[in-house]
2 protein chains.
Amino acid sequence: MQKGKASILFKQPPYITAAASVAGKKEGEGPLGTLFDVVEQDGMLGEKNWEAAESRMQKEAAELAIQKAHLKPQDIRYLFAGDLLGQLIATSFGLMELEIPLFGLYGACSTFGEAISLGSMTVAAGYAERTLALASSHFATAEKQFRFPLGYGNQRAYSATWTATGAGAVVIQSESDSGAMAKITGITTGKVVDFGLKDSTNMGAAMAPAAFHTIWQHFQDFERDEKEYDKIITGDLGTIGQTILLDLLKKEGYDLISTHMDCGIELFDSKTQDTHAGGSGCGCSAITLCSYILPKLKDGTWKRVLFVPTGALHSTVSYNEGQSVPGIAHGVVLEHI
Amino acid sequence: MQKGKASILFKQPPYITAAASVAGKKEGEGPLGTLFDVVEQDGMLGEKNWEAAESRMQKEAAELAIQKAHLKPQDIRYLFAGDLLGQLIATSFGLMELEIPLFGLYGACSTFGEAISLGSMTVAAGYAERTLALASSHFATAEKQFRFPLGYGNQRAYSATWTATGAGAVVIQSESDSGAMAKITGITTGKVVDFGLKDSTNMGAAMAPAAFHTIWQHFQDFERDEKEYDKIITGDLGTIGQTILLDLLKKEGYDLISTHMDCGIELFDSKTQDTHAGGSGCGCSAITLCSYILPKLKDGTWKRVLFVPTGALHSTVSYNEGQSVPGIAHGVVLEHI
């Protein structure tokens with residue numbers, strides 16, 4: 001099971017039996033808009049504040065995924081979940097009513113990769129028959145926490161990405177009927193990688209070295225290269241991060257130009273949606289996986305993909321104290337059944 | 001292995017082979033002061049700011065635990081770690097140089113329980129031969145983030161606890177020589193529990209219902225009661241939280257008066273150290289486990305304890321928006337070898 005330096009190969013791969021995506025209005029107007037299970041037209045979701053709105057998105061995504069798997073909350077043994085907000089308040093308040101034991105996770109925008117990794121490790125080890133992995137982000141809660149008050153109307157750099165409003169959830173099970181979407185055959189867990197970047201409006205550049213490291217490590221651990229994947233999919237590098245990633249991999253002899261895809265580039269039409277370098281946030285890779293990637297694995301369009309959500313470990317506190325923005329990325333191998 | 005509703009019983013219990021505690025000056029002056037591996041006399045640890053100081057404590061604790069286990073950083077396969085700060089900056093910056101794959105965790109002050117749970121699950125499943133579980137808190141970083149600037153000199157309520165400055169780390173291994181400190185025989189994972197408490201200066205009361213729920217669930221899942229434990233040890237309920245916990249358990253027929261211990265009550269002498277209801281923070285239970293509890297398990301004074309770090313999912317954002325403070329608690333069964 002232990003594979004290479006940072007990877008696990010599952011002897012009995014667990015299945016993703018159901019997935020749910022709840023997206024915001026702007027995400028619903030983007031290229032993937034018709035694929036989401038729910039597109040919320042109100043950024044507040046009828047709640048009193050944005051944080052409560054993000055919590056509600058998490059709850060909706062969790063309940064919908066559980067329902068699609070023909071289960072009830074009490075059938076899920078453990079939750080693996082997180083969000084971008086301090087003290088994970090979207091998660092704590094969003095998932096409380098489910099009354100399921102919770103492992104709270106923080107990996108910045110890589111959190112969905114971390115959640116699927118731990119959720120599948122738990123199922124594959126026989127500790128649980130069913131787990132739920134979940135992550136969310138919300139444009140307004142993230143801007144408020146990390147950048148400027150929305151009312152201030154600051155100009156955004158062209159290198160900046162747009163934090164997606166969305167929550168994605170997958171049910172992971174040890175057994176599956178014929179309706180499962182994909183199987184999880186392995187994982188490669190990332191370390192913190194810091195190239196010393198200090199531009200808080202260029203998260204793609206901050207995360208690209210971490211994505212590079214995890215993909216490179218994955219190739220070493222599994223003794224594979226890009227040719228053995230239909231797609232290698234990062235979370236939210238955007239256009240600038242993508243260029244850096246492809247350059248870094250090329251220097252090591254891997255040509256991913258035709259294989260690489262980035263959820264942040266897929267989620268929005270940057271020309272008409274004013275999103276600049278692309279989409280970002282835990283929700284970006286989460287809703288793209290649940291609405292777009294998993295169906296293509298289910299119908300066999302893709303046989304094997306490496307899904308690598310990417311996180312910038314950005315904090316206003318450390319940033320204002322002069323620190324750089326390190327990155328982390330967690331890889332998950334998903335295969336057609 | 002799957003046990004009851006929220007627990008795991010390990011068929012092959014992993015071992016804690018080494019533990020390290022790095023404490024602050026005030027903690028060093030408390031009742032456990034002589035037991036810590038390191039007592040830092042400077043709250044800044046020679047760094048430029050408190051956050052960097054907390055990162056450095058994490059690094060010191062990690063390196064010392066690895067060294068005590070006669071290992072090198074590259075021998076550790078995965079890190080399971082977290083702290084109280086937004087975006088886990090103490091962890092990201094503290095552990096970066098170790099270059100070990102990292103699962104970032106957030107469970108408020110229950111994080112050390114979450115880290116040991118996942119670290120032992122990973123080892124017991126054969127995914128890793130060795131993992132490191134770690135958590136930290138720092139009085140100054142926590143006050144700055146959650147309450148008032150230290151320079152403001154606000155008065156603290158008698159129900160308030162004092163966030164401990166400290167980092168604790170344990171090495172978890174599948175095999176052990178005769179020097180191991182304890183074995184981890186099972187875990188019970190907590191859910192988010194909210195009794196609607198809205199007093200941010202009384203975290204003990206906010207966490208007691210979560211501690212109660214996890215201990216109660218543990219008794220059901222393992223078909224045991226308090227008589228089968230030498231100690232049942234919560235993380236940082238303090239004196240007020242302890243009273244509530246004992247009351248809640250008594251109503252269910254469990255009398256823990258002679259069995260219960262709370263790390264927050266042990267860590268400081270509240271009469272002379274002005275800590276009011278007790279100590280708190282991830283570091284409180286972490287350094288108490290590493291310096292005081294594990295040695296008592298190693299020498300056989302205690303044969304079996306239930307260690308239950310407790311977390312208040314408190315956020316200034318949700319609190320200022322009128323939300324309550326929910327709690328969570330994660331239980332770990334530790335036994336003499």
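All values below were derived from every heavy atom in this structure, side-chain atoms included, with hydrogens, water molecules and symmetry-related copies excluded. Since the model is a prediction, treat every value here as computed from it, not as a measurement. Letters A, B, ... are given to chains in the order of the sequence lines, protein chains preceding strands, and every chain is numbered from 1.
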Please flag which part of [X] lies under 4.5 Å from any non-hydrogen atom of chain B: side chain, backbone, both or neither.
X: A:Lys5; value: backbone
X: A:Gln145; value: side chain
X: A:Phe146; value: side chain
X: A:Leu84; value: backbone

(message) If the test is side chain to side chain contact (heavy atoms under 4.5 Å, CB included), which one of A:Leu132, A:Thr122, A:Leu102 qualifies with A:Tyr78?
(response)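 Looking at A:Leu132, A:Thr122, A:Leu102, the match for A:Tyr78 under the side chain to side chain contact (heavy atoms under 4.5 Å, CB included) is A:Thr122.
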(request) Spell out, as yes or no, whether a donor-acceptor pair under 3.5 Å connects the side chain of A:Asp236 to the backbone of A:Cys284. (result)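 Looks like no, no N/O pair under 3.5 Å.
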(request) Without swapping roles, check the side chain of B:Ser137 against the backbone of B:Gly283 for a donor-acceptor pair under 3.5 Å. (result)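 Yes; at least one donor-acceptor contact below 3.5 Å.
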(request) Salt-bridge test for B:Lys59 and B:Glu47: reply yes if a basic N is under 4.0 Å from a carboxylate O, no otherwise. (result)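 Judged by the 4.0 Å cut-off on N to carboxylate O distance, B:Lys59 and B:Glu47 do not form a salt bridge.
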Winner by heavy-atom pair count (cut-off under 4.5 Å) against chain B, out of [options]:
options: A:Gln87, A:Glu114, A:Lys191; value: A:Gln87
options: A:Ser55, A:Gly4, A:Ala108; value: A:Gly4
options: A:Glu99, A:Met96, A:Arg77; value: A:Arg77
options: A:Gly107, A:Ser117, A:Gly190; value: A:Gly190

(request) Check the side chains of A:Ser136 and A:Glu54 for a donor-acceptor pair under 3.5 angstrom, ignoring hydrogens and angles. (result)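 Judged by distance alone, the side chains do pair up.
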Could you tell me if the side chain of [Y] sits less than 4.5 Å from the side chain of [X], heavy atoms only?
X: A:Ile116; Y: A:Phe307; result: yes
X: B:Phe80; Y: B:Ile172; result: no
X: A:Leu95; Y: B:Val192; result: no

(message) Need one label for B:His330: side chain, backbone, both or neither, based on atoms under 4.5 Å from any heavy atom in chain A.
(response)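 For B:His330, side-chain heavy atoms alone lie under 4.5 Å from chain A.
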Most contacts with chain A, counted as non-hydrogen pairs under 4.5 angstrom, among [options]:
options: B:Gly311, B:Ser92, B:Gly322, B:Ser110; result: B:Ser92
options: B:Ile8, B:Leu105, B:Leu98, B:Ile328; result: B:Ile8
options: B:Pro326, B:Gly104, B:Gly86; result: B:Gly104

